[in-house]
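In this chain, residues are counted from 1 in sequence order.
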Amino acid sequence: MRNAPLKGFISKVSRTGYRRDSPDKDNKYNIIPSGNISMNNVPFKVKGTDNLGNTKVMKPGKNYKFPGDIVVETKIKWKPIKTLLCHQ
């Protein structure tokens with residue numbers, strides 16, 4: 001079992017993740033060196049996967065606890081649904 005970031009990923013380690021005031025808020029992904037994740041001040045849903053393979057969809061304003069001690073966060077991109085209008 002591995003409990004440290006893989007070589008080459010160290011530059012993506014973040015303590016503030018996707019918070020609005022975070023310098024890492026525009027990253028494609030963030031590596032959080034903790035299993036405790038706060039979604040306070042995060043304006044969108046985020047997928048988190050820990051180093052043990054546990055995955056959760058995290059919602060703004062909530063707190064999450066992962067069994068692992070490293071969590072990779074990625075933004076969840078929502079695509080707008082196009083409404084098909086039928087004219088008679």
- Message: Any heavy-atom pair between the side chains of P23 and T16 that's under 4.5 Å?
- Response: yes

- Between E73 and V46 the two heavy atoms that sit nearest each other are CB-CG1, 3.6 Å

- For G17 and S22, work out which heavy atoms get closest and say how close. O-OG, 2.8 Å

- Task: Quick one: pull up CD1 in I37 and CG in N30 and give me the separation to the nearest 0.5 Å.
- Result: 10.0 Å

- Note on the structure: For R15 and P33, the nearest pair of non-hydrogen atoms, with its separation, is NH1-CG, 3.4 Å

- Note on the structure: Closest heavy-atom pair, D26 versus K75, reported as atoms and distance to 0.1 Å, is CA-NZ, 4.0 Å

- Message: For D21, give me all partners under salt bridge (Lys or Arg N to Asp or Glu O under 4.0 Å), at least two apart in sequence or on another chain.
- Response: R19

- When every non-hydrogen atom of D50 is compared with those of P67, the smallest separation belongs to OD2-CD, 3.3 Å

- Message: With a sphere of 6.0 Å drawn around NZ of K65, does it hold more than 12 non-hydrogen atoms of other residues, nucleotides or ligands?
- Response: yes

- Judged by atom type as modelled, is there a donor-acceptor pair below 3.5 Å linking the side chain of K47 to the main-chain atoms of V57? no

- Message: For residues 30-60, which residue pairs pass the ring pair (Phe, Tyr, Trp, His ring centres under 6.0 Å) check, not counting sequence neighbours?
- Response: Y18-F44

- Please lay out, stage by stage, how I32 and I70 fare under the test side-chain contact (heavy atoms from CB on, under 4.5 Å). CA-CA 6 Å; I32 310 299; I70 297 170; over 6 Å; no

- ring pair (Phe, Tyr, Trp, His ring centres under 6.0 Å) contacts touching residues 55-76 (sequence neighbours left out): none

- Task: Kindly compute the distance separating OG1 (T74) from CD1 (I31), expressed to the nearest 0.5 Å.
- Result: 11.5 Å

- Note on the structure: Nearest heavy-atom approach of S34 to V71 is O-CG2, 3.3 Å

- Query: Rounded to the nearest 0.5 Å, how far does CE of M58 lie from CE of M39?
  - Reply: 5.5 Å

- Drop me the distance from R20's CZ to K25's NZ, to the nearest 0.5 angstrom. 9.5 Å

- Message: Is a donor from one side chain sitting under 3.5 angstrom from an acceptor on the other, for N36 and N63?
- Response: no

